[in-house]
Structure formats: C-alpha cells, structure tokens
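Let me begin by presenting the structure, written as structure tokens, before commenting on it.
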Amino acid sequence: MLLIKNGRVVDPVTETDEVLDVLIEDGRIVKVENNLDYESEKASSSCDMGGMEEELRVIDASGLVVAPGLMDAHVHFRDPGFTYKEDIITGAAAAAKGGFTTVVCMANTKPVVDNVDTLKYVLEKGMTTGIHVLSAAAVTKGLGGSEMVDMETLAKAGAAGFTDDGIPIMDEKLLAVAMKEAKRLNLPISLHEEDPVFIDAPGVHKGKVSEEIGYGGASRLAEDIMVARDCALALDTGASVCIQHISSGNAVEYVRTAKRLGANVHAEATPHHFTLTDTAVLEYGTLARMNPPVRTEEDRIKIIEGLKDGTIDMIVTDHAPHSEEEKARPMASAPSGITGLETSLGLGIKSLVEPGHLTLMQLMACMSKNPMEFYGMKPVSITGGAPADLVIFGEKDKWTVEGFVSKASNSPFKGWELPGKVHYTICGGKIVYSAD
Ligand code: DOR
Ligand code: ZN
C-alpha cells in the first residue's frame, strides 16, 4: 500500500486540480479523497489480508504536483544495434527519471523494427524495465522507402503504430496505401517530414545563422512541402496521422487548416523546438544539431500558438542519444538529435507554463492524455480503479541539468537551471524513480 498525502492532483482526464490524498494498492489507485483517514484504511486493509500487516508507505507530497504518469510518444532507445548510445534499460531509466511511465520507441534500430522478431525483442525487453515500453514498427522495409512492411502481421504482434522516423517517405503513392492500411488496422501512422531536395546540409536551419557558420542548412520548405502533401493525404485517406517533431511555423498552419477541413491529423512538438532557435547552434555547436532543426523565433512562436490552440496535441522528446565522440565531430559529420527524456517536463514548465502560454493542466494533457488517446489507449487518470501510473514533481522546484541517467548526455540544456524537479515516478503502483 502506498499513500500519497496532500499533493496537488492535476489530472487532465477528470480536469481535477485540487489537494487530495491518493491511496494505491496492488498496482491500482483505490481512493482519491481529501484527508483520507489513513489509520482506518490501514486497519481495513490488514483485515482483508487476514490480519497480516502489509508494508505501508506514505509519501508526503505537500507542495508537490501529483499528475498522471507522462507518456513520450517518440523516443530512440537504440536497442538493438546501437546500444553504445543507449539501450532499453538505460532509456527506460532516463524516462522514469523524467516522470514518464509510457514511451513509444521508434523503429530506426539495427535491425530495423520491420519484422516480428525485432519487435518482440523490443517489447519483451521493455517488459523488464518497470515502465510501459511500446514500439512503433517501420512503414517500409529497412526504412528504405520503397517496399512496405507487412503491417497487419506487425500490428498483430503488438506494434503501437507505424513510422519511418528519421527518414521521410518520398513515395506518396506508397504512403497513401500505408495510410489506408493503418486506418484499416486502426493504428496511427507518424511521419518525419523533410524533403532532402531542399536540404543542403541537415540539422541546422537554413538562414542567417547557417550562412554565418558557412553551413548549407535545411530549409523550412523541406518540411512545409511534405506537411502540405501529407495533410492532403490524411484528409483523403481518413487515417490517423501524426506530423512528427514539427519545426516550421508554416507547417503548423497547414496542420491547423487540415484539422479544420476534417483530417484526422495530429502534430508533435519537442521541448527543443519550443525553447530554442537557430542561434543555439552558435552557443552549443553540434548539441543543437537536430532533424528537423530548431528554426527562427517566428517559428518558435507559431509552434507555441499551435500548442495553445490544440493544433499541436502532443509534446514528445525525440530522445536521440548519441555518444560524446560522435557529437565531438565537426557539424557536417556529427549525428543529429539530443537526449531529451530527463529535461522535457522542466522545459515544458519553463518555456510554456511559466510565461503563461499553457496552464499546467494543458501541459499535462500534451504530455499524457493526448498521446495516449492518439495511440488508442485509455489515458491514465488519478481516479479510483485506474492503474497507478503517476508522477510527483515540484512545479517550481529548481534543479540543475547534470548527471544524466541516459547513457548519453548530448543535450544543449546541460547546466541549465530548470523548474519541475521530479521527486517520484510510480508505475503500476511501484516506485520506479525516486529523487530522495
Ligand atoms: O535529430 C534526430 N535524430 N531526428 C530524428 O528524426 C532521428 C533522430 C535519431 O535517430 O538520431
Ligand atoms: Zn525521432
């Protein structure tokens, strides 16, 4: 039994925001009440157990927020194939430290998750971690863009959805067929939107900064043209489509229009895209190289507006661990991406809640309820009978970004002071991370 006392319960599912006690037993929330009578709960529980005293733990959450466990619908755990960067165990530990109880792994492993054996490997290893590790499967074999995977077989084997993330799907005919198949299987399909034709060099926005450092850069048009195309395809096919890690203000506008037209289209924003602009490259070098790149202040503001009006419904990290040696290479040969799970909640509060763009409730919806609904799951909620997946954090509790649990530390946010320190992450009633 676990009793969380006096926490501010912020639950976007029930739209609760009040100080309550939460009682957990056998992996489930059994009661959520004001001033729960702990002694009598204990007595009745030991009666149930035939007089045996069950271990009972109390967490004093006074001054802390108690929210549904976070979900990151976009992580790269690099397992199998690139476990020198991260593996499923260390990735899940980084997730738990960040307040996440559910993650969706991307398919760009080696081998690629385009077959049942690799998918099963990920899911089975994920089951040993203490959190819920789901995996997407690829859309095309080997992420090659030309031959579709057997989506039905992968769906039956437990794929959460489909994506060639990391690589755009250039064949629109193939994509239309894949969208229809995803719809038939009732699973979402997610898209990395960067047309290589408009990328002179990846990872840095093509503009003043790229010119200044003498780097080719990736233009906004590379994203815009694909998002416009895929909004049209989503509208036509009716599939549940996600525009991954949206980076261009124009692309946000395309998604907004497509939604208005009735497309079942969704979008993700990452903490780096709503926190940084392309000038970050001047300060952080390759640690600010990511695909798609962080762009201008105008784009950043449009992403925030998209989050405010629900055009962008999910906040994801695109957790992309790389080794120190890889990120020490020159800009042109360093890999793209940053490790994100441990800084996401803090950046969400710092960049969105503190300036008044989103309420904490809205942030929690973007980080748990909405991604869960996108994946067809019942969103976790802090109510009696629900699975006990929770995060306990201090909204204003400052902490310094250091000492990563991830194998990687490729983050431009190293040394930043962030709010939102996670105190506990609880998954299935078990404490999977504790700061104390
Ligand atoms: O920057 C990125 N890195 N963007 C992606 O889409 C893929 C990711 C990776 O796998 O490293
Ligand atoms: Zn990604």
Side-chain angles (χ1 to χ4, degrees), residues 72-88 91 94-95 103-113 122 134-139 142-143 145 160-169 188-196 199 201-205 217-218 222-223 226-227 242-248 251 267-273 275-276 278 280-281 284-295 314-327 329 331-341 344 371 406-413:
D72 189 344
H74 189 146
V75 302
H76 298 269
F77 281 179
R78 312 294 193 205
D79 190 356
F82 304 102
T83 51
Y84 66 95
K85 297 177 195 250
E86 190 80 288
D87 62 45
I88 290 169
V103 296
V104 182
C105 296
M106 296 294 104
N108 64 343
T109 48
K110 195 174 164 193
V112 167
V113 185
V122 174
L134 316 182
S135 182
V139 178
L143 307 177
F162 297 93
T163 177
D164 274 5
D165 177 57
I167 295 182
I169 297 175
I189 180 162
S190 303
L191 303 166
H192 184 119
E193 307 289 52
E194 288 191 290
D195 185 338
I199 296 178
V204 177
H205 174 65
E223 179 166 298
M226 294 202 67
V227 173
C242 175
I243 304 301
Q244 295 180 291
H245 37 48
I246 203 159
S247 69
S248 147
E268 320 169 324
T270 73
H272 42 278
H273 288 108
T275 301
L276 301 176
D278 55 355
V281 169
Y284 307 110
T286 61
L287 291 180
R289 178 189 151 145
M290 61 275 289
N291 300 340
V294 290
R295 301 192 188 275
M314 293 175 263
I315 291 173
V316 305
T317 64
D318 192 14
H319 181 76
H322 294 292
S323 72
E324 238 169 78
E325 179 275 317
E326 289 168 320
K327 279 293 197 183
R329 292 176 197 158
M331 187 63 84
S333 48
S336 292
I338 69 169
T339 174
L341 282 160
S344 181
S406 165
K407 275 188 194 177
S409 60
N410 53 312
S411 167
F413 305 113

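In this text, all values refer to a predicted model and were calculated from it rather than measured experimentally. For ligands, and for the atoms within them, numbers begin at 1 and follow the listed sequence.
The aromatic rings of His245 and His74 are tilted relative to each other, their planes meeting at an angle between 30° and 60°.
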Audit row: His192, Asp164, side-chain hydrogen bond (donor to acceptor under 3.5 Å, both in side chains) steps and yes/no:
CA-CA 7 Å; His192 184 119; Asp164 274 5; over 6 Å; no
Fill in: side chain to side chain contact (heavy atoms under 4.5 Å, CB included) between Glu194 and Asn291, worked out
CA-CA 8 Å; Glu194 288 191 290; Asn291 300 340; 3.3 Å; yes
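The line from CG of Leu276 to CZ of Arg295 is 13.5 Å long, rounded to the nearest 0.5 Å. From Glu223, atom CD reaches atom CD1 of Ile199 across 9.5 Å, with rounding to the nearest 0.5 Å. Distance check, rounded to the nearest 0.5 Å: CE of Met106 to CZ of Arg78 gives 11.5 Å.
Nearest protein heavy-atom neighbour of atom 1 (O) of ligand 1: Asn291 N, 2.9 Å.
Under 4.0 Å from ligand 1, not a single heavy atom of Gln244 appears. The residue Met106 has no part lying near ligand 1, judged by heavy-atom distances below 4.0 Å. Contacts between Arg78 and ligand 1, counted as non-hydrogen atom pairs separated by less than 4.0 Å, involve the side chain only. The parts of Met290 lying near ligand 1 are both backbone and side chain, judged by heavy-atom distances below 4.0 Å. By the criterion of a heavy-atom distance under 4.0 Å, the side chain of Asp318, and not its backbone, is placed next to ligand 1.
Ligand 1 has no nitrogen or oxygen under 3.5 angstrom from a nitrogen or oxygen of Pro292. Looking at ligand 1, you'll find an N or O of Ser336 within less than 3.5 Å of one of its N or O atoms.
The Zn ion (ligand 2) sits nearest to atom OD1 when only the N, O or S atoms of Asp318 are considered. In Asp165, the N, O or S atom that comes nearest to the Zn ion (ligand 2) is OD2.
A donor-acceptor distance shorter than 3.5 angstrom exists from the side chain of His273 to the backbone of Pro292, with no hydrogens or angles considered. Lys327 places a side-chain N or O within donor-acceptor distance of the main-chain N or O of Pro335, the cut-off being under 3.5 Å. Proximity of a side-chain donor or acceptor of His322 to a complementary backbone N or O of Ser336 within less than 3.5 Å is detected. For the pair Thr275 (side chain) and Pro271 (backbone), a donor-acceptor distance under 3.5 Å is present.
Between Arg289 and ligand 1 there is no heavy-atom distance shorter than 4.0 Å.
In summary, His76 places an N/O/S atom under 2.8 Å from the Zn ion (ligand 2), meeting the contact criterion. Between the Zn ion (ligand 2) and His74 there is an N/O/S contact shorter than 2.8 Å.
Heavy-atom proximity to His322, at under 4.0 Å, picks out these atoms of ligand 1: 11 (O). Atoms of ligand 1 lying under 4.0 Å from any heavy atom of His192, numbered from 1 in the order shown and given with element: 5 (C), 6 (O). Atoms of ligand 1 lying under 4.0 Å from any heavy atom of Gly337, numbered from 1 in the order shown and given with element: 1 (O), 2 (C), 3 (N). Annotation for ligand 1: atoms under 4.0 Å from non-hydrogen atoms of His245 are 6 (O). Atoms of ligand 1 found under 4.0 Å from any heavy atom of Gly166, numbered from 1 in the order shown, are 6 (O), 7 (C).
Across all their heavy atoms, Leu287 and Pro412 have their closest contact at O-CD, 3.4 Å.
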